[in-house]
Amino acid sequence: FGGCAGNIAYSLNLLGGNAQADGDDIVLHGVKQLRGGVTLPNYGDHRMVMLASIAATKCEQPIEMDGIEAIDKSWPEYLKVYQMLGGKCE
């Protein structure tokens, strides 16, 4: 899985989505619900942490992700804002 698009598609598919990377593009096929219940890689990328947190709001089961401190690169207060808006994280 190379590149950012490949990492995103891989992560969405782990959650139960249906995504394919095509170069820099991502083709998404809608699903009714994401499953969750997995540990997602973050690739040391703050964008992947944000993607996972938003996707988690549509998952049947919680997700896990190690290394969420990658978020500090762009928005250190992100998780506080996410929780204020109703997101759940531990």
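As a basis for the values below, the full set of heavy atoms in this structure was taken, side chains included, without hydrogen atoms, waters or symmetry mates.
Taken together through direct or relayed side-chain contacts under 4.5 Å among Ile, Leu, Val, Met, Phe, Trp and Tyr, I54 and V81 form part of one hydrophobic cluster. Placement of V49 and M84 in two distinct hydrophobic clusters is found when ILVMFWY residues are connected by side-chain heavy-atom separations under 4.5 Å, directly or transitively. The hydrophobic cluster containing V27 does not contain L12, counting ILVMFWY residues as joined when their side-chain heavy atoms lie under 4.5 angstrom apart, directly or transitively. By the criterion of side-chain heavy atoms lying less than 4.5 angstrom apart, applied directly or through intervening Ile, Leu, Val, Met, Phe, Trp or Tyr residues, V31 is grouped together with L40 in one hydrophobic cluster.
Distance check: D45 CG to C4 SG gives 5.5 Å after rounding to the nearest 0.5 Å.
With sequence neighbours excluded, the residues that form a side-chain contact (heavy atoms from CB on, under 4.5 Å) with I26 are A5, I8, A19, L28.
For H46 against S74, the heavy-atom pair with the smallest separation is CD2-OG, 3.0 Å. Among all heavy-atom pairs drawn from Q33 and C59, the shortest one is NE2-C, 3.6 Å. Closest heavy-atom contact between M65 and P41: CE-O, 3.4 Å. What you find for G36 and I63 is that their closest heavy atoms are CA-CG2, 3.7 Å.
Using modelled atom types, one side-chain atom of N42 and one backbone atom of G67 make a donor-acceptor pair closer than 3.5 Å.
Side-chain contact between S11 and M48 is present, with at least one heavy-atom pair separated by less than 4.5 Å. Within the 4.5 Å cutoff, the side chain of L79 has heavy atoms near those of the I68 side chain. Side-chain contact between M50 and Y82 is absent, with no heavy-atom pair separated by less than 4.5 Å.
For the side-chain hydrogen bond (donor to acceptor under 3.5 Å, both in side chains) condition, the pairs that include at least one residue of residues 51-73, sequence neighbours left out, are S53-Y78.
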